[in-house]
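Quick notes on the structure that follows.
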Amino acid sequence: MSTTAARTVLTGTPVVPGVVLGPVVRPSGAVLLPAEAFDPLPEAAREEERARFTAAAEAVAGRLAERAAAATGMTAEVLSATAGMARDRGLLGAVEQRIAAGVPAAVATVQAAQQFVDVFTSLGGVMAERVTDVRDVRDRVVAELTGQGEPGVPSPAEPSVLLADDLAPADTAGLDPARIVGLATRLGGTTSHTAIIARQLGLPLVVAVEGLDGVPAGATVLLDAEEGSVTVDPDPEAAAGQLAAARRAAEALAGYTGPGATRDGVAVPVLANVQDGDGTRAALRAHAEGVGLFRTELAFLGRAAEPTVEEQADGYADVLEAAAGRRVVLRTLDAGSDKPLEFATPPEEANPALGVRGLRVARRDPGLLDRQLDAVAEAARRTGAAPWVMAPMVATEGEAADFAARVRERGLVPGVMVEVPSAALLADRMLRHVDFLSIGTNDLSQYALAADRLSADLADLTDPWQPALLALVETTAAAGRRSGKPVGVCGEAAADPLLACVLVGLGVTSLSCAGSAVAGVGARLATADLAACREAAAAALAADDPRTARAAARAVLTRA
């Protein structure tokens, strides 16, 4: 933090680029939780209290599920997952046990939620992200039980900047970008679900900003999510200059129609990360050249039983039809850790982030993977498409070989995701068996630097500009170059226009990002030739930390 005259500048980690000016608003509708002291319920009233709780939890889950059904992409997945939390049998059972012992429903909800918060906090890693979801569900259920207004974020009359300690992903998913034009949080990380949703909405975001508590509602702030700063009561002339530059940049993006290429004509397809057919169609309207990451979890989340092959095939065919012959890269079920499935993942693990997740779910039930691949093959048959299919969380050559064989048996194109450092180090061996690699920078950064992606204290370590992460990308891309096979990036790093140029300089052959980021990435890529991208990549690799890496790359690409 720095102070110039009466002007305070707070710094954090930039996530979604953009520059906005507006008055500060803060989350509203904080729920008043019940006092810890209570009179035990008479035994005759306990069944009625349990029924009252069950109805409240179902009302909350129903509203979230309705919002999920009306949403697309990652927003739909997050809302579905939160609805699933409100129906989680473990959480509901913990509340009901307390009610049976005479604890009033609202108090029992708070106590049971705290039990789960303590467990998830102790587990750390991506499981810590569920703490925010548990508290969000707790507040919504308590509000329903006590007749308070449902918690959420404000809907201001004028475009405003939202400052908060943290935001529940469900709240972020409900933001109106016409009213909330930018976000800054004291907590959070660069790859959290909130960050991913903000990127999908195109909302400038800075996380891990110290000192936000001292900024009052109504104060004017300049949020610079290119540099990662929040300036309180900025100089009007300076702010006007930054906003004008941002508008010029936005106008340049408006002219982007694809295809993705460097200034000297080297083709770099800019694809989209999607969840469903509606998201695919929206991404293509934003000039995405295809789908670089089709997340298939939406068909599975919030279900007590595995969807049938027919049900899965219907969803996959919708995306393949929407893509209309363009490339579609489908990721098989990425369950486990922060996305548990009642029918597929262990109920409890000592360290879920390092446990049964992604491809490893097939160790417990090989048929789950086979049935999904059968569904993909059926969707391909119906549509005449030839999807590429990749597995998440692949760690060994043997896993890659087994997965590739299963995919080829069905006439599909096999690949694997590089999210585990061992996969990057053994990329040459992986490519003996598969036809492409796709780097998931979100998990790769977390595992490579042993840093919880939600920790504000460690946000610099999970920043995709970390030189160590870039070195792993370079290693993987070099293996692709030697084998003559494509290596893409589908993590959030691909949505940063400046970093996208660096990734191309490291040897990445395609980029996949949220549909809202496609124009920014494609337009920026068109301003630099391949030699400049390589020079920027070398400068970033040589830097000591993300901030200097970003600055070094910007210096190269600005003069290019």
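Note that this is a predicted model, so its numbers are computed, not measured.
Atom CG of L330 and atom OG1 of T296 lie 5.5 Å apart (nearest 0.5 Å). We find the CG-CG distance between L167 and L162 to be 5.0 Å, quoted to the nearest 0.5 Å. Here CG of L222 is found 6.0 Å from CG of L243. Values are rounded to the nearest 0.5 Å. To the nearest 0.5 angstrom, L541 atom CG is 5.0 Å from E474 atom CD. Expressed to the nearest 0.5 Å, how far CG of L373 lies from CZ of R408 amounts to 13.0 Å. To the nearest 0.5 Å, atom CD of residue E535 and atom SG of residue C501 are 12.5 Å apart.
In terms of heavy atoms, G515 sits closest to A283 at CA-CB, 4.4 Å. The shortest heavy-atom contact between L320 and P387 is CD2-CB, 4.0 Å. Taking all atoms of both residues into account, the shortest heavy-atom contact from P204 to A225 is CB-CB, 3.9 Å. Taking every heavy atom of both residues into account, A500 and V521 meet most closely at CB-CG1, 3.7 Å. Taking both residues in full, the closest heavy atoms of T280 and V319 are given as OG1-CG1, 3.6 Å, listed atom of the first, atom of the second, then distance. Between L470 and V502 the shortest heavy-atom distance is CD1-CG1, 4.5 Å.
Pairs engaging residues 405-445 under the ring pair (Phe, Tyr, Trp, His ring centres under 6.0 Å) rule: W388-F436 [sequence neighbours left out]. Sorted by first and then second residue, the ring pair (Phe, Tyr, Trp, His ring centres under 6.0 Å) pairs with a member in residues 257-299 read F294-Y316; sequence neighbours excluded.
Distance alone, capped at 3.5 Å, places no donor-acceptor pair between the E397 side chain and the L426 backbone. At least one donor-acceptor pair closer than 3.5 Å links the side chain of R263 to the backbone N or O of T527. One N or O on the side chain of T548 and one on the backbone of D545 form a donor-acceptor pair closer than 3.5 Å. In this structure, N273 contributes its side chain and C490 its backbone to a donor-acceptor pair below 3.5 Å. No donor-acceptor distance shorter than 3.5 angstrom exists from the side chain of E226 to the backbone of P17, with no hydrogens or angles considered. Side-chain atoms of E321 never come within 3.5 Å of backbone atoms of T383 as a donor-acceptor pair (strictly under, hydrogens ignored). Of the possible donor and acceptor atoms, none in the side chain of T220 sits under 3.5 Å from a partner among the backbone N and O of P234. Side-chain N or O atoms of D334 include none that pairs as donor or acceptor with a backbone N or O of R295 at under 3.5 Å. Side-chain N or O atoms of D276 include none that pairs as donor or acceptor with a backbone N or O of G315 at under 3.5 Å. Under the 3.5 Å distance criterion, the side-chain polar atoms of S512 are matched with a main-chain donor or acceptor of A272.
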**Asked** Hey, mind stepping through V407 and M390 against side-chain contact (heavy atoms from CB on, under 4.5 Å) and telling me if it holds?
**Response** CA-CA 9 Å; V407 173; M390 62 185 182; over 6 Å; no
**Request:** List the steps and the verdict of side-chain contact (heavy atoms from CB on, under 4.5 Å) for M393 and V420.
**Result:** CA-CA 6 Å; M393 290 297 292; V420 181; 4.0 Å; yes
**Prompt:** Is there a salt bridge (charged side-chain N to carboxylate O under 4.0 Å, His left out) between R550 and E227 once you walk through the steps?
**Reply:** CA-CA 9 Å; R550 189 180 286 110; E227 297 288 344; over 6 Å; no
**Message:** If you apply the rule salt bridge (charged side-chain N to carboxylate O under 4.0 Å, His left out), what do you find for D496 with R199, and how did you get there?
**Reply:** CA-CA 10 Å; D496 180 334; R199 195 179 298 283; over 6 Å; no
**Item:** side-chain contact (heavy atoms from CB on, under 4.5 Å) evaluation trace for V230 with L223
**Value:** CA-CA 5 Å; V230 178; L223 177 73; 3.6 Å; yes
**L449 and T462: CA distance, side-chain angles, deciding distance, side-chain contact (heavy atoms from CB on, under 4.5 Å) verdict** = CA-CA 7 Å; L449 287 110; T462 53; over 6 Å; no
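The closest side-chain heavy-atom distance from D314 to R382 is below 4.5 Å. Residues T262 and L525 meet the side-chain proximity criterion, which asks for heavy atoms closer than 4.5 Å. Counting heavy atoms from C-beta outward, L437 and K485 have side chains that stay 4.5 Å or more apart. By the 4.5 Å heavy-atom criterion applied to side chains, P392 and E419 are counted as neighbours. Side-chain contact between L203 and V16 is absent, with no heavy atoms from C-beta onward closer than 4.5 Å. Side-chain atoms of W465 and L498, non-hydrogen and from C-beta on, do get closer than 4.5 Å to each other. For the pair L183/V15, no side-chain contact is recorded, criterion being any heavy-atom separation below 4.5 Å from C-beta on. Within the 4.5 Å cutoff, the side chain of L431 has no heavy atoms near those of the R482 side chain.
With respect to R281 and D318, a salt bridge is recorded, a charged nitrogen being found less than 4.0 Å from a carboxylate O. Look at R381 and E378 and you find a salt bridge, because one of the NZ, NE, NH1 or NH2 atoms lies within 4.0 Å of a carboxylate O, short of that distance. Taking 4.0 Å as the cut-off between side-chain N and carboxylate O, R432 and D428 do not count as a salt-bridged pair.
Checked against side-chain hydrogen bond (donor to acceptor under 3.5 Å, both in side chains), S483 has no partners two or more places apart in sequence or in another chain. Checked against side-chain hydrogen bond (donor to acceptor under 3.5 Å, both in side chains), Q242 has the following partners two or more places apart in sequence or in another chain: D224. With sequence neighbours excluded, the residues that form a salt bridge (charged side-chain N to carboxylate O under 4.0 Å, His left out) with R410 are D370, D374. Partners of A391 by side chain to side chain contact (heavy atoms under 4.5 Å, CB included), not counting sequence neighbours, listed by chain and number: T332, L359, V394, F403.
More than 12 heavy atoms of other residues, nucleotides or ligands sit less than 6.0 Å from atom CZ of R371.
With respect to V389, the side chain to side chain contact (heavy atoms under 4.5 Å, CB included) criterion is satisfied by exactly one of L412, V416, V329: L412.
Between Q466 and S445, the side chains place no donor N or O within less than 3.5 Å of an acceptor N or O (distance only, hydrogens not considered).
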